[in-house]
Amino acid sequence: MAKYGILIDYDFCTGCHTCEVACQQEHNYPVGLNGIKVTEYEYQLANGKVKIDYMPFLTDLCDLCMSRQAEGERPSCVKHCQTACMKFGLTTDLTAEAATRPRAALHTHVPK
Amino acid sequence: MGKVDVYPTIAWSAGAGCHGGCGQKLFVEDGKMIKIEGDENHPFNQGRSCPRVLALTQYMYHEDRITQPMKRVGERGSGKFEPISWDDAFDFCETRMKDIKEEYGPESIVFAQGTGRDIGGPISFLAYSYGSPNWVQLGLSGQSCYTPRLGAMKAVQGDFGVSDCSQFLETRYDDPEWEVPEVIIVWGQHPPNGCPDAFFGHWIVDCMKLGTKIISMDPRNTWMTSRSEHHLKLRPGTDGAMALGMLNVILSEGLEDKEFCAKWVHGLDELRERAAEYPVERVAQITGVPAEEITEAARFFANAKRASIHWGVPIDMCPDGTSVAHAIICLWSITGNIDIPGGQVIARPSHEVSSYPYSTEALIDLYGEELVKTLTEKRIGADEYKMVKNFRGWAQPDMVIDQIMTGEPYPIKGAWIQTANVLGGQAARTNFHYEALKKLEFVAVVDLFHNPTTMALADIVLPSSTFPEKDSFRSWWAPLSIIKKRVQVGDCKTDWEINFELAKRFNPEGTQRWGSPMEYFNERLAPSGKTFKDMEDAGGWLMPEDGPAKPYNRHERGLLRPDGKPGFNTPSGKIEVYCSAYEDWDLDPLPFYTEPPQSPISTPELHEKYPLIMITGARSQLYFHSELRGIPWLREKEPDPTVEVHPDTAADYDVYDGEWIYLKNDLGKVKRKVTITRRVKPSEIQTLHGWWMPEQEGAEPNLFGVWDYQVNQLVPGPQESKSGFGGGQYKTTLVTLEKMEKEGAAANG
């Protein structure tokens with residue numbers, strides 16, 4: 001069972017790449033290894049307007065920053081997010097919180 | 001493994017590549033920075049950080065970093081340099097610069113800076129100690145980056161103003177004095193992409209979370225425009241018409257703040273009359289935005305109780321950028337939004353500390369009467385443009401490069417270039433800059449990496465420092481901060497250390513009262529009543545206390561004028577929408593619109609040949625102008641110079657997504673990789689500036705591929721506005737797309 005997860009209030013993800021580099025610095029990953037990746041979605045609405053959204057995705061390399069947790073710190077991506085749109089916690093708590101957000105996604109995650 | 005110490009500091013380039021201001025924590029082990037994190041206790045960023053800061057270890061300890069002074073030993077451009085000692089490097093610079101001064105006068109060396117980093121203080125200190133009045137943002141046509149807007153604000157309202165996102169208050173969004181802005185117009189910028197001019201871009205997003213509605217003034221679709229209440233997709237360069245049209249709606253419908261205007265606005269009737277020349281139908285025709293959208297947005301803004309305008313560099317880059325800025329200032333003024341919570345607050349240097357002196361008395365005291373005379377009489381552009389003469393001490397960039405080429409009215413023989421990759425970055429008509437700068441007898445470049453400018457021009461390269469490696473201070477708005485040195489990399493010195501040492505050699509008398517840069521810092525910090533050490537003990541930063549540097553309602557409380565009377569710091573004491581300073585400077589005292597010099601309307605024949613309006617100069621979250629392309633964690637996320645092309649346009653030109661093509665006009669052509677996207681309109685394309693390839697051969701003729709990728713080669717000049725400030729055509733140049741031969745496309749792809 002996934003005890004922990006990261007809730008993403010993705011309506012406020014601006015695609016700034018901060019979480020990606022925060023992860024690489026924390027784990028000293030070389031180029032090509034990423035614990036989190038952000039994808040852009042560009043689409044049109046019925047009225048012709050263009051919408052741009054982003055979604056961070058946790059890869060198999062994400063270890064939820066176990067070593068930081070031991071020191072009472074949040075995962076590096078969560079801490080540095082420029083819009084504070086990411087929240088780390090117990091999946092049970094985050095599930096309840098997700099229900100209060102109009103556009104959110106909960107990544108449950110068990111580190112490999 | 002040794003012990004890891006954690007130190008707080010303030011980020012300001014070099015390193016992050018930005019205008020800085022955020023609090024960061026440095027993790028240092030055995031004299032080496034091993035990690036950096038945002039500082040939770042700093043009110044500016046509240047623990048947040050950005051990709052550029054978080055990649056700082058890769059920047060500081062990069063194998064290509066220059067860590068010793070390097071003297072050129074081959075021909076210019078050969079890329080052959082040898083390491084020398086600092087003593088020899090200083091001696092070399094001193095001798096060459098004194099020779100030029102003796103033969104041609106001190107005005108014959110220009111001191112060129114770019115942007116970012118604490119450069120204004122040290123470079124003016126050196127230029128003036130040497131005796132040259134020619135301190136310049138070389139290459140930046142019309143000095144089209146914030147200076148035009150700053151000059152307009154000083155002239156019209158006597159002070160600078162910024163969107164109030166609670167940044168002057170220590171407890172920020174929790175401060176009971178602050179209120180959430182109802183509306184912010186984001187005009188010509190995508191704030192999440194960076195931190196412009198001492199403003200954390202994501203503050204706007206913080207406000208959106210708290211309920212602020214956005215009006216976007218942007219030709220493109222972005223994350224923010226797709227979340228805005230009104231998105232006016234104006235044609236690039238028509239911002240002046242848009243602002244005047246909105247003023248007309250507000251004034252003709254009586255939506256202005258009548259009480260505020262009666263008390264604090266000078267020239268409202270004249271403004272009303274001028275705005276009436278811009279009926280909304282005419283503005284719709286100019287801007288391409290439907291009339292009803294303009295009217296609705298104007299009403300939405302004017303009806304908000306607390307509103308502000310957060311603006312970007314496209315305003316400076318309009319023809320007559322200072323007039324466009326004037327019009328926009330009128331928008332926030334006549335609606336009574338100045339210095340109210342959640343409005344457009346007045347922004348002053350924290351604790352009235354400045355990093356360099358600018359009063360005549362202080363300049364005479366430090367550098368002597370001769371320098372002050374020369375600033376008026378010899379400074380390039382000061383004769384031609386009264387606004388240039390009277391606002392800031394800079395020389396006019398377009399005129400400087402022309403003078404280097406012609407030698408008239410006096411010859412320029414040398415350049416001290418610090419924090420500026422002129423050829424790889426801001427230089428419009430890049431090839432002309434290259435030819436002119438090649439003529440110089442002496443060029444010193446202070447930088448951290450080789451780049452097209454060091455390679456093509458430098459006789460000597462002096463290695464500078466990142467912010468964890470330097471002592472410095474900062475008073476740009478708030479808070480007052482110090483930057484404290486924690487590590488040393490190679491033999492690098494800070495900009496302050498380098499310039500202080502040379503300044504001492506050129507001006508021993510004027511500089512004798514300071515034995516070190518630290519003693520100078522303490523003198524600059526004196527208005528705050530604190531020393532550098534006091535600041536360090538206090539945690540490194542201090543928010544302004546009640547007084548001229550802290551909002552709100554300072555005009556009512558008599559905190560803005562030297563005479564202590566209520567009012568604004570203008571001759572009339574009011575906001576001069578009819579601007580007496582502009583009148584003094586032989587400029588139109590009321591805002592007006594000028595069509596871009598290249599456009600479908602002003603040059604229809606050129607537009608037929610080059611039918612696409614090219615927008616350049618936007619910010620990337622990963623890069624800062626021409627910096628950081630060599631940093632692996634950043635380059636991974638944006639590996640290629642792309643051009644955004646609308647699907648219909650791509651079909652017209654028969655180009656596919658990912659295809660390498662040329663952008664082309666009469667000035668040349670550059671390579672770009674096509675991204676097909678609806679971010680842009682069919683009539684426009686968008687591409688980033690600042691591209692060169694650190695991984696390629698640096699020696700001439702390649703110069704890191706600068707001639708293949710430097711998009712400003714296509715931007716014409718000189719294009720400065722009537723005021724001398726603004727007008728660089730970085731957003732409005734006409735181009736076409738040209739397919740590459742098959743082999744070329746494959747080789748690049």
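Sequence lines set the chain letters: A, B, ... in the order given, protein chains first and strands last, and positions in each chain run from 1. Fair warning: this is a prediction, and the values are worked out from it, not measured in the lab.
Using non-hydrogen atoms only and a strict 4.5 Å limit, the part of residues 61-68 of chain A facing chain B consists of Arg68(A). Of all residues in residues 77-100 of chain A, those placing a non-hydrogen atom less than 4.5 angstrom from a non-hydrogen atom of chain B are Lys79(A), His80(A), Cys81(A), Gln82(A), Thr83(A), Ala84(A), Cys85(A). Inspection of non-hydrogen atoms places no residue of residues 104-112 of chain A under 4.5 Å from chain B. Close approach to chain B, defined as a heavy atom under 4.5 Å from one of its heavy atoms, is seen in Ile52(A), Asp53(A), Tyr54(A) of residues 52-59 of chain A, taken by number.
Chain B forms more heavy-atom pairs under 4.5 Å with one residue of Leu45(A), Asn34(A), Val38(A) than with any other, namely Asn34(A). Counting heavy-atom pairs closer than 4.5 Å to chain B, the top residue among Thr18(A), Asn28(A), Asp9(A) is Thr18(A).
In summary, of the residues considered (Thr677(B), Asn221(B), Val680(B)), a side chain to side chain contact (heavy atoms under 4.5 Å, CB included) with Val50(A) occurs for Asn221(B) alone.
Between atom CD of residue Glu636(B) and atom CD of residue Gln24(A) there is a gap of 5.0 Å, rounded to the nearest 0.5 Å. Of the inter-residue distances, the one linking Leu54(B) atom CG with His17(A) atom NE2 reads 13.0 Å to the nearest 0.5 angstrom. The SG atom of Cys16(A) lies 10.0 Å from the CZ atom of Arg48(B); values are rounded to the nearest 0.5 Å. One distance of note links CD of Glu42(A) with OG of Ser226(B); it measures 10.0 Å at 0.5 Å rounding. To the nearest 0.5 Å, the span separating CZ on Phe12(A) from NE2 on His202(B) amounts to 11.0 Å. For the atom pair Lys35(B) NZ and Glu26(A) CD, the distance stands at 4.0 Å (nearest 0.5 Å).
Salt-bridge formation is detected for the pair Glu40(A)/Arg679(B): a Lys NZ or Arg NE/NH1/NH2 atom is positioned less than 4.0 Å from an Asp or Glu carboxylate oxygen.
Proximity to chain A is absent for every atom of Ser620(B), based on heavy atoms less than 4.5 angstrom apart. Heavy atoms closer than 4.5 Å to chain A are found nowhere in Glu638(B), neither backbone nor side chain.
Counting heavy atoms from C-beta on, the side chains of Lys637(B) and Val21(A) come closer than 4.5 Å. Between Ile36(B) and Gln25(A) the shortest side-chain heavy-atom distance falls below 4.5 Å.
Within a 6.0 Å sphere centred on NZ of Lys213(B), heavy atoms belonging to other residues, nucleotides or ligands number 12 at most.
Using a distance-only test at 3.5 Å, with no hydrogens or angles considered, a donor-acceptor pair links the side chain of Trp223(B) to the main chain of Cys13(A).
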